[in-house]
Structure formats: structure tokens, C-alpha cells
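Structure first, commentary second.
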Amino acid sequence: MNFVEPIRDRKRIAQIKNLLRGQGRFRDLLLFVVGVNTALRISDVLCLRISDFLDEKRHLRRRFWIREQKRGKRQEVVVNESIRAAFIEYLAAYSEVAQMPEHFDFFNTKTHDYTQPIKRGQAWKFMRAVCGEIGLPGNYGTHSLRKTWGYHARQQGVDLALIMHKLNHASLVYTKRYLGITDAELEAVIQRLNL
């Protein structure tokens, strides 16, 4: 497996969102926004259904819980303002998908088969293509979504232990490696503190 990078520049994230909106690709917009805002693995993102986002009265939930496929752990998904806005646009574009709560959010837009989600390979191709369309240098794939969340959480000063917990990693060592934190970087922080 090749190493993939997070999208480090917030302007590039906005550029991708604007590109997808401009092209009317609201399913892909929702996939991207959910991916970079939840830290879920792509296998869990693709399995999301209408009932995860909408309650029985068809109101958008503030949060919901899933059981992760890889580890079997329960994970809370908070629907922040970015996800909320993308989901509202998604529903306006694909109102028919919301008719049944068991429909998958990330369905095949060519066949409109809501009973099956797209495959990981299709999501990977989408990520590679959209990053290429905006001229983003580097290696990107579906895991870039999750890594983008971790990178920006770290940049905003979120404690590594909390990031580790959200990513469901077993150790801080693994989280450091996952986020690309080097011992030299940690040493530089210690030198700057100089208490």
C-alpha cells in the first residue's frame, strides 16, 4: 500500500468543495465533507445510510453512532455545520434517495441504485481525480480524508491522546507515525517551550 498524504492547506479543501459544488457532484461533496470532518475510515463512510443522518421525522440529526467495521468499536459521529450544509445540498439534488431510510448515502449516481453503496475503489478514484483536478501535488486516496482530519486537529492544538482516541489507534507511537510526527519535530517543540 502506498503512503497517502493529508490535505494540509484549508484553501485546497475549500477549492475541492467549490469544484464539486460547481460541477453539481453533491454525492461526492458529501463524501468528501463527511470524510474530512469525521475521521471515519472509508469502509465506514461508504456504509452510511439516510437513517444515520435523518431521524424518523426526517430532521437532520446532530449526532449518531456507528459500529466500526474494522475494530467493531462504537464511534460517535457529530454532524457539524459543514456536514449539515453538504447534506442539505445533497438532499436538494437527490431528494428521491431520502424516501427510504435504509438507502445508502453514497449510491451509484449513474444507475441510481440506492440499495448498494459505491465500492472503495470508486471512492479512491474520485479522491485521486479531484485532487488532480485542482493540481494538488502528492499522493492522495480515500485515506487522505481521515488523515486530513488528524492533521488539522493536530494543527489546532488538539492533544495527541485525543486524536489517538478518535482515530481508534492502539498507541501514541502509531498515531505519531500516522500523522507523520518525527522525533526531531517533537524535540523542536521542547526546545521552544524552554520553561
Side-chain angles (χ1 to χ4, degrees), residues 1-7 13 16-17 20 25-55 60-91 94 97-98 100-109 113-131 139-154 158 160-171 174-175 177-179:
M1 180 197 298
N2 291 333
F3 175 81
V4 295
E5 301 175 53
I7 302 169
I13 293 171
I16 289 171
K17 289 162 62 173
L20 295 171
R25 294 168 55 191
F26 297 103
R27 181 212 56 195
D28 295 341
L29 173 65
L30 183 62
L31 175 65
F32 181 78
V33 170
V34 168
V36 298
N37 282 282
T38 63
L40 293 176
R41 290 178 182 86
I42 195 65
S43 57
D44 295 319
V45 171
L46 294 178
C47 288
L48 294 175
R49 297 175 186 260
I50 292 298
S51 60
D52 292 319
F53 286 96
L54 297 180
D55 65 18
L60 194 54
R61 299 176 192 272
R62 292 179 174 268
R63 67 189 70 232
F64 58 88
W65 290 261
I66 65 161
R67 178 102 20 224
E68 290 185 341
Q69 289 187 1
K70 183 172 182 177
R71 303 226 188 272
K73 293 182 179 178
R74 191 168 187 242
Q75 179 76 271
E76 181 181 28
V77 177
V78 174
V79 179
N80 66 13
E81 196 51 45
S82 293
I83 296 172
R84 179 176 294 281
F87 196 79
I88 289 168
E89 291 176 278
Y90 169 90
L91 285 180
Y94 308 112
V97 75
M100 300 295 286
E102 68 273 4
H103 284 164
F104 286 96
D105 296 313
F106 305 109
F107 62 93
N108 186 322
T109 55
D113 178 7
Y114 309 122
T115 63
Q116 293 293 315
I118 61 172
K119 304 289 185 214
R120 291 170 54 120
Q122 188 174 348
W124 178 83
K125 286 177 187 174
F126 149 68
M127 271 303 294
R128 298 268 305 176
V130 78
C131 289
N139 191 26
Y140 299 92
T142 54
H143 214 64
S144 296
L145 299 170
R146 184 169 154 89
K147 282 190 171 191
T148 297
W149 181 90
Y151 175 84
H152 287 282
R154 182 172 160 256
V158 175
L160 271 179
L162 290 174
I163 295 171
M164 179 190 92
H165 177 74
K166 181 65 176 169
L167 295 173
N168 273 328
H169 287 165
S171 73
Y174 184 79
T175 301
R177 188 174 65 229
Y178 183 85
L179 296 176

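FYI, side chains are in, hydrogens and waters are out, and symmetry mates aren't considered; it's all heavy atoms of this structure.
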Any idea which heavy atoms bring [X] and [Y] closest together, and the distance?
X	Y	answer
Tyr140	Pro6	CE2-O, 3.5 Å
Val4	Ser144	CB-OG, 3.6 Å
Ala39	Lys166	CB-CG, 4.0 Å
Ile7	Thr148	N-OG1, 2.8 Å
Ser43	Arg120	CB-NH1, 3.8 Å
Thr115	Phe104	O-CE1, 3.1 Å

**Q.** Val33 and its side-chain contact (heavy atoms from CB on, under 4.5 Å) partner, picked from Ile16, Leu20, Ile83, Leu145
**A.**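 Exactly one option meets the side-chain contact (heavy atoms from CB on, under 4.5 Å) with Val33, and it is Ile83.
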
Exactly one candidate in Leu167, Leu40, Asp44 meets side-chain contact (heavy atoms from CB on, under 4.5 Å) with Arg146; the answer is Leu167

Is any side-chain heavy atom of [Y] closer than 4.5 Å to one of [X]?
X	Y	value
Ile13	His152	yes
Arg41	Gln69	no
Leu31	Asp105	no
Lys17	Leu29	yes
Asn139	Arg128	yes
Tyr178	Ile163	no
Met100	Glu102	yes
Phe32	Met127	yes

Query - Tyr114: ring pair (Phe, Tyr, Trp, His ring centres under 6.0 Å) partners, not counting sequence neighbours - result: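 Ring pair (Phe, Tyr, Trp, His ring centres under 6.0 Å) check on Tyr114 returns His103, Phe107.
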
Kindly write out the residues that satisfy ring pair (Phe, Tyr, Trp, His ring centres under 6.0 Å) with Phe106, not counting sequence neighbours, or none if the list is empty.
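If we apply the ring pair (Phe, Tyr, Trp, His ring centres under 6.0 Å) test to Phe106, skipping adjacent residues, there are no hits.
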
- Mind checking side-chain hydrogen bond (donor to acceptor under 3.5 Å, both in side chains) for Arg61 and listing every partner two or more places apart, or none if nothing turns up?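 Arg61 satisfies side-chain hydrogen bond (donor to acceptor under 3.5 Å, both in side chains) with no residue once adjacent residues are dropped.
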
- side-chain hydrogen bond (donor to acceptor under 3.5 Å, both in side chains) involving Asn37 - partner list, sequence neighbours excluded: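 Here the qualifying residues are Asn80.
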
What's the spacing between [X] [atom1] and [Y] [atom2] if we round to 0.5 Å?
X	Y	atom1	atom2	value
Cys47	Arg67	SG	CZ	14.5 Å
Phe87	Ile50	CZ	CD1	4.0 Å
Asn168	Glu68	CG	CD	4.0 Å
Arg27	Ile118	CZ	CD1	4.5 Å

Open item on the list: Walk me through whether Thr142 and Val45 qualify under side chain to side chain contact (heavy atoms under 4.5 Å, CB included).
Closed with: CA-CA 10 Å; Thr142 54; Val45 171; over 6 Å; no

Hits for salt bridge (Lys or Arg N to Asp or Glu O under 4.0 Å) against Arg63, two or more places apart or cross-chain, chain-then-number order -> Glu76

Only counting residues at least two apart or in another chain, list the ones meeting salt bridge (Lys or Arg N to Asp or Glu O under 4.0 Å) with Asp28.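 With neighbours one apart ignored, the set is Arg25.
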
